[in-house]
Amino acid sequence: MTEDVKPVNFIRQIIDEDLSSGKHTEIVTRFPPEPNGYLHIGHAKSIWLNFGIKDDYQGKCTLRFDDTNPVREDAEFVTAIEEDVRWLGYKWTAIAHASDYFEQFHDYAVELIRKGLAYVDSLGADEIRNLRGTLSEPGADSPYRNRSIEENLALFSKMRAGEFANGEHVLRAKIDMSSPNINLRDPILYRIRHHPHQRTGDKWCIYPMYDFAHGQGDAIEGVTHSLCTLEFEDHRALYEWFIENLSVPSKPRQIEFSRLNLNYTVMSKRMLTQLVEQGYVHGWDDPRMPTISGLRRRGYTPASIRNFIASVGITKKSNIIEMGVLENCIREDLDPVAPRAMAVLRPLKVVIENYPEGESEILDVPNHPANPDMGTRKITLSREIYIDRDDYMDEPPKKFFRLGPGREVRLRYGFIVKCTDVIRDVTGQAIELRVQFDPETRGGNQPVGRKIKGIIHWVSANHCANAEIRLYDRLFSQANPLADKTKEFTDSINPESLEVLENCKVEMSLSTSSSDTRYQFERTGYFYPDKESSAGKLIFNRIVTLRDTWAKLAG
RNA sequence: UGGGGUGUAGCCAAGUGGCCUAAGGCACCAGGUUUUGAUCCUGGCAUCCGGAGGUUCGAAUCCUCCCACCCCAGCCA
């Protein structure tokens with residue numbers, strides 16, 4: 001699963017065959033997002049596939065914006081998409097836009113009209129739909145289907161000139177209204193949209209449909225393998241029909257693969273947009289979102305995402321991948337390189353009664369348990385410390401190796417302490433622990449016969465920094481938020497997907513840390529400074545927890 | 001019930017007629033190491049490949065029929 005293993009999948013097999021048969025000598029792919037939203041991890045699959053092929057076969061890959069529908073698209077999204085692709089670690093051979101080819105597409109449309117293969121239809125949207133037939137019944141010809149070539153040419157020209165209102169006419173291919181494939185029932189090629197385009201401005205008022213733009217765009221760019229998702233399988237016949245009937249410069253081949261789905265989240269751009277616009281999350285880059293920008297802000301690395309895609313593979317089978325696979329990838333990426341630190345999320349004060357008041361000691365501790373090259377850092381230990389509330393229980397169950405009344409535990413890198421007293425508030429809740437330390441056990445020294453299994457993290461009360469820590473959990477409480485068709489997917493949003501802890505205590509070294517370091521807070525998880533974090537106010541996002549056998553045992 | 005697809009373990013996924021009494025990863029279970037209940041290490045985890053027939057000396061891989069699931073009736077992509 002490392003990145004130096006070349007991926008094997010059915011698409012690469014096809015490419016290998018095309019190369020060995022001499023059908024192609026250079027491989028050209030493209031990644032074609034529509035700039036109407038942010039990229040999500042499902043797009044990362046397509047990016048990994050297309051750019052990965054380009055890299056491994058020394059081919060070409062264009063980042064091409066599929067901007068054929070000006071009413072939904074926005075320049076804000078194109079900038080964000082470029083940034084996301086770059087961040088994932090890929091370089092495009094060229095950047096292009098379907099709109100770059102509008103003039104050429106228009107000429108192709110005229111070519112079709114001249115060949116008697118396209119006509120201007122003056123039916124309304126409802127009428128067109130009614131004549132299209134159904135899944136099991138054939139459609140019927142439009143009364144305008146047999147207009148003369150001259151009339152079609154004249155009408156289409158007027159459409160372009162802006163002489164008609166939206167919806168008044170449309171250009172259609174003349175194929176077969178009784179085809180069992182609905183895409184072949186005289187599909188619409190051009191529609192009138194009096195709407196400025198984010199790139200071409202007011203130049204056009206007719207815009208090509210996806211089907212009329214995509215394949216021809218591929219052909220113009222010399223794309224050899226046009227990789228798209230399963231829902232376009234039915235469109236392939238139309239894709240090929242255009243390629244066969246138009247004087248395009250090359251003949252690309254469309255190959256479909258299945259989209260990526262993850263459980264406990266949604267992957268449709270429409271739904272992600274809804275989450276953002278209706279305020280269920282705090283923007284496209286909310287760390288709970290499966291967007292590239294959300295994962296980035298959360299602390300995921302580009303390599304972890306690439307490895308994740310590589311590990312799930314490319315097939316034609318519909319799938320829902322378990323979130324645990326993604327989590328495993330980021331842990332795997334971070335464990336060998338993340339510096340360790342101690343951070344107390346829910347502080348509980350502990351006074352070491354036999355530790356001299358006003359004194360302290362400096363401990364030189366390793367930044368990584370298995371990699372001495374990562375060096376050491378100094379932390380201070382003194383009479384008053386904080387430990388995590390989770391590491392103390394009034395009535396510990398068996399197998400709980402941490403603190404409880406009368407119990408012993410080791411302070412990480414420090415000595416063994418024994419809980420001798422518990423101070424409580426009026427409700428009876430423990431608010432402070434009194435402990436005694438054993439000087440014999442300093443520095444990891446374990447006297448014979450003393451077997452202390454529990455080790456807990458801590459920070460010195462007078463030698464720590466305050467921090468806000470944001471704990472993220474799955475966005476939905478249902479594995480498949482779309483399974484129950486009687487409910488809105490937003491009904492299964494996890495109300496505890498974000499927990500903000502404002503009063504965390506972290507070791508001093510974190511207050512001067514780089515904003516681009518991902519840490520492992522020992523025993524709790526991997527954390528990454530949020531973009532809102534500053535020296536005056538530390539904020540960390542939890543990327544993922546550590547594997548937690550105890551949590552599993554405790555239920 | 002038209003057309004297009006897919007079915008190998010809880011989730012992914014190799015496998016392209018004999019070396020398959022079916023790789024690998026995640027998850028899970030059992031041990032070991034460990035100053036993170038982390039990491040790491042060891043072992044376990046499909047007599048079976050959606051089902052039923054058939055072809056063959058031999059099938060997850062070929063044929064037939066059946067079943068299940070996904071996609072398609074936007075002037076969206």
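What you see below is based on every heavy atom in this structure, not just the backbone, and it leaves out hydrogens, waters and symmetry mates.
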Partner nucleotide, any strand, of [N] [Watson-Crick/G-U, under 3.5 Å]:
N      : value
C48(B) : none
U33(B) : none
A77(B) : none

Taking only side-chain N and O atoms of [X], does any of them lie within less than 4.0 angstrom of OP1 or OP2 on [N]?
X         : N      : result
Lys269(A) : A77(B) : no
Lys552(A) : C28(B) : yes
Lys316(A) : G4(B)  : no
Arg193(A) : C76(B) : yes

(request) By nearest nucleotide on RNA chain B, pick out whichever of Ser258(A) and Ile456(A) is the more 5' one. (result) Ser258(A)
(request) Pull out every residue in residues 235-243 of chain A that has a heavy atom closer than 4.0 Å to any atom of RNA chain B, ordered by number, or say none. (result) His235(A), Arg236(A)
(message) Using only modelled atom types and a 3.5 angstrom limit, is any donor from either the side chain of Glu137(A) or the base of G2(B) paired with an acceptor on the other?
(response) no
Heavy atoms only, 4.0 Å cut-off, all strands: where does [X] land among base, sugar-phosphate and nothing?
X         : value
Arg331(A) : nothing
Leu123(A) : base
Gln520(A) : base
Gln13(A)  : base
Thr524(A) : nothing
Ile128(A) : base
Pro138(A) : nothing
Gly124(A) : base
Ala370(A) : nothing
Leu135(A) : base
Phe400(A) : base
Arg410(A) : base

(request) Among Thr545(A), Asp391(A), Asp390(A), find the one that has a side chain to side chain donor-acceptor pair (under 3.5 Å) with Arg523(A). (result) Asp391(A)
(message) Using whole Å, what does the distance between atom P of nucleotide A73(B) and atom CE of Met177(A) come to?
(response) 14 Å
(message) Using ring centroids (six-membered ring only for Trp), state whether Tyr38(A) and Phe77(A) fall under 6.0 Å.
(response) yes
(message) Should Tyr210(A) be counted as stacked on A77(B), where stacking needs a ring-centre gap under 5.5 Å and an angle between planes under 30 degrees?
(response) no
Would you mind telling me which of [options] lies closest to the side-chain atoms of [X]?
X         : options                : answer
Thr549(A) : U39(B), A77(B), G37(B) : G37(B)
Ser318(A) : G10(B), A77(B), C70(B) : C70(B)
Asn181(A) : G2(B), G37(B), G3(B)   : G3(B)

(request) Quote, to the nearest angstrom, the C1' distance that separates G2(B) from A27(B). (result) 41 Å
(message) Could you tell me how far A9(B) sits from C75(B) if I compare only their C1' atoms? Round to whole Å.
(response) 47 Å
For residues 164-173 of chain A, which side-chain N or O atoms pair as donor and acceptor with protein atoms under 3.5 Å away, sequence neighbours left out?
| unit_1 | atom_1 | unit_2 | atom_2 | d |
| --- | --- | --- | --- | --- |
| Asn166(A) | OD1 | His194(A) | N | 2.8 |
| Glu168(A) | OE1 | Ala165(A) | N | 2.7 |
| His169(A) | ND1 | Ser122(A) | OG | 2.8 |
| Arg172(A) | NE | Asp121(A) | OD2 | 3.2 |
| Arg172(A) | NH1 | Asp186(A) | O | 2.8 |
| Arg172(A) | NH2 | Asp121(A) | OD2 | 3.0 |

(request) Check salt bridge (charged side-chain N to carboxylate O under 4.0 Å, His left out) between Glu361(A) and all other residues, then give those that pass, not counting sequence neighbours. (result) Arg442(A)
(message) With syn defined as a glycosidic angle within 90° of 0 and anti as the rest, where does G74(B) land?
(response) syn
(message) Quiz question: by atom type and distance under 3.5 Å, do the side chains of Asp364(A) and Tyr413(A) form a donor-acceptor pair?
(response) no
